[in-house]
Colleague: 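Can you keep this structure in mind? I'll have questions shortly.
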Amino acid sequence: MTTPRPSRAEQVDAATPASRNRVVDLLRAAAITVVVLGHWTIIAVDADGGILPHGVLDIATWTHPLTWVFQVMPIFFLVGGYSNALSWRSARHKGVGYGQWLRTRLRRLGIPLIPLLLAWQAIGIVAAPYAGVQLASQMALIPTWFLAAYLMVILVAPPCLLLWERWGWWSIVGGIALAGAVDAISIAADRPLLGFPNYLLVWAAFHQFGYAWLDGRLDGLRRRLLLAAIGLAGLLLLVLAGPYPVSMITSAADDLSNSSPTRVTMAFLGMLQAGLVLSLEKPLEALLRRPRLWFVTVLVNRRIMTWFLWHLTAMVALAHLLLALDARALLPEPASGAWWATRPLWAAALLALTGLAVLVMGRFEDPREDPRPAPAPWRPVLAAVTVIAGLGVVASVGDVGEGGMTAWPLLPVAGMVLLGVVRLRRT
């Protein structure tokens, strides 16, 4: 009697090292999935008003407390801290320098970005004269703000790890305290621009909770629930007694935004979320021993950048198609009963469109190995700064300004050229 051949899921499960923390992969996949579904829900399409960037939050203010669940970017920074610390320590052990380590991380994040930016440059050139293309590009390129912030954190991850190894919890407390001071100055002066340093300070400080997780400093249910309690207490204090709004996602109904620029509230939201999800680590580990669930987690992570980068382009494309066809039956009034009832169908349609984008563009998440010698650190640092600068502007204004096309989307592409990605692909 022949032994049945293992399924693909069983093969992937068997090939996974026993030392791998599968919960890290699950949380990464889950966080991005929640972000995608959240965007598809929050951004409404009105038959008369077109795309409403924060439609649901502006129309139905009762949804604002729900953003404490759906604003899950802190979870991505938590798992990023775990992964980046593990990766940098491995690099140190192998004698790999900062330049080579940073180049590898930047290629992993930057190469899938190039097709999106070039695609929207082409769309902008063709459609720039048409009304609505400026807003369409702004909506489609919203995901780039996260990449800009995450790349900033990656740049400083090694020195932050040294701070953590030297000072422990005080390195986190110090970072959050600095972020609070930046907020105080920005809010008192009514100058949001003065709050932009918190894109780095808040996320770099919170990123270190991933270090704490890796090092076992958050082990035990009691510590994790304490972390959640500190996060909840801090959030309630800042929202109820401070100037911060309830919504953790920007809404026109609020005078102040917690996310644009990032405010210190996001660090406390992250503590609340991290404490709660890490309290479930053991049962999640047990679930992930099931080959099929682990296989799905691996598949999502393998194409996670493409899934994240293209999901709003799919939404913008479908929205403009329906608006052009004047398909009012498919565009019920936002936040109405019919609108809520059709959200599963809306998400299913967008999932199918995004799936096509993943099939076509996903290959960019499998870059060739880079056989070149390690670069001088200045080169990947300059490339990263160039990418960050371009993405920071693109995330705010898209690639079409009031005067027509802008060149900002080409700046991240130039950064990747500086890194040598284009030259490498020609060899």
Side-chain angles (χ1 to χ4, degrees), residues 26 29-73 75 116 119-120 123 127 132-133 135-143 146 247-253 292-293 295-297 299-362:
L26 176 66
I32 292 300
T33 300
V34 170
V35 168
V36 168
L37 294 176
H39 280 159
W40 288 346
T41 302
I42 290 169
I43 300 172
V45 184
D46 183 71
D48 297 311
I51 297 177
L52 308 177
H54 302 287
V56 174
L57 294 175
D58 295 345
I59 297 167
T61 55
W62 61 265
T63 61
H64 289 194
L66 298 179
T67 62
W68 291 27
V69 176
F70 289 100
Q71 174 56 279
V72 291
M73 276 307 173
I75 297 300
L116 177 73
W120 272 100
I123 293 170
V133 69
L135 178 60
S137 72
Q138 286 178 319
M139 294 298 96
L141 298 175
I142 282 174
F146 162 72
S247 179
M248 294 295 127
I249 300 173
T250 302
S251 167
R292 290 183 181 178
L293 179 57
F295 183 59
V296 171
T297 302
L299 284 181
V300 174
N301 275 280
R302 186 178 178 187
R303 293 291 179 258
I304 197 165
M305 280 290 296
T306 312
W307 164 237
F308 175 65
L309 287 173
W310 288 88
H311 76 280
L312 283 178
T313 295
M315 193 214 73
V316 165
L318 180 58
H320 278 271
L321 175 62
L322 295 178
L323 289 169
L325 295 174
D326 197 24
R328 292 176 177 270
L330 300 177
L331 295 173
E333 182 183 352
S336 65
W339 187 88
W340 285 109
T342 55
R343 288 315 85 194
L345 294 176
W346 178 249
L350 292 174
L351 182 61
L353 287 176
T354 308
L356 290 175
V358 170
L359 287 175
V360 175
M361 300 295 179

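The figures here come from the full heavy-atom set of this structure, side chains too, leaving out hydrogens, waters and symmetry mates.
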Colleague: So, for Ala44 and Pro334, which heavy atoms are closest and what is the spacing to 0.1 Å?
Modeller: CB-CB, 3.8 Å
Colleague: So, for Pro53 and Ile43, which heavy atoms are closest and what is the spacing to 0.1 Å?
Modeller: O-CG1, 3.2 Å
Colleague: Enter the distance from Ile42:CD1 to Ile59:CD1 here, rounded to the nearest 0.5 Å.
Modeller: 12.0 Å
Colleague: Measuring from atom CE of Met315 to atom OG1 of Thr354, what distance do you get when rounded to the nearest 0.5 angstrom?
Modeller: 10.0 Å
Colleague: Under 3.5 Å, is there a donor-acceptor pair between the side chain of Arg343 and the main chain of Trp339?
Modeller: yes
Colleague: Show me the pairs that pass salt bridge (Lys or Arg N to Asp or Glu O under 4.0 Å) and involve residues 29-42, at least two apart or across chains.
Modeller: none
Colleague: Listed by chain and number, what are the ring pair (Phe, Tyr, Trp, His ring centres under 6.0 Å) partners of Phe308, not counting sequence neighbours?
Modeller: Phe146, His311
Colleague: Is it the case that more than 12 heavy atoms not belonging to Phe70 sit under 6.0 Å from its CZ atom?
Modeller: no
Colleague: Dump the intermediate steps for side chain to side chain contact (heavy atoms under 4.5 Å, CB included) on Val45 and His320, then the final yes or no.
Modeller: CA-CA 9 Å; Val45 184; His320 278 271; over 6 Å; no
Colleague: Work out which heavy atom in Met139 is nearest to a heavy atom in Val316; give both atom names and the distance.
Modeller: CB-CG2, 3.9 Å
Colleague: If you measure from CD1 on Ile123 to OG1 on Thr313, what distance do you get to the nearest 0.5 Å?
Modeller: 6.5 Å
Colleague: Which pair of heavy atoms, one from Ala253 and one from Asp58, lies closest together, and at what distance?
Modeller: N-OD1, 3.7 Å
Colleague: Atom OG1 in Thr33, atom CH2 in Trp307: separation rounded to 0.5 Å?
Modeller: 5.5 Å
Colleague: What are the two closest heavy atoms between Ala31 and Val72, and how far apart are they?
Modeller: O-CG2, 3.2 Å
Colleague: For the side chain of Trp346 and the backbone of Trp40, is there at least one donor-acceptor N/O pair under 3.5 Å apart?
Modeller: yes
Colleague: Return the minimal non-hydrogen interatomic distance between Pro344 and Ala341, and the atom names on each side.
Modeller: CD-O, 3.5 Å
Colleague: Go through Leu116 and Leu141 one step at a time and tell me if the side chain to side chain contact (heavy atoms under 4.5 Å, CB included) criterion holds.
Modeller: CA-CA 9 Å; Leu116 177 73; Leu141 298 175; 3.9 Å; yes
Colleague: Could you grab the distance from atom CD1 of Ile75 to atom CG of Leu26, nearest 0.5 Å is fine?
Modeller: 11.0 Å
Colleague: Report the distance from atom CE of Met248 to atom CG of Leu57, rounding to the nearest 0.5 Å.
Modeller: 11.5 Å
Colleague: Walk me through it: do Leu350 and Val36 pass the test side chain to side chain contact (heavy atoms under 4.5 Å, CB included)?
Modeller: CA-CA 10 Å; Leu350 292 174; Val36 168; over 6 Å; no
Colleague: Output, in order, the C-alpha distance, side-chain angles, deciding distance and verdict of side chain to side chain contact (heavy atoms under 4.5 Å, CB included) for Trp340 and Val56.
Modeller: CA-CA 10 Å; Trp340 285 109; Val56 174; 4.1 Å; yes
Colleague: For the backbone of Thr250 and the side chain of His54, can you confirm whether one donor and one acceptor N or O come within less than 3.5 Å of each other?
Modeller: yes
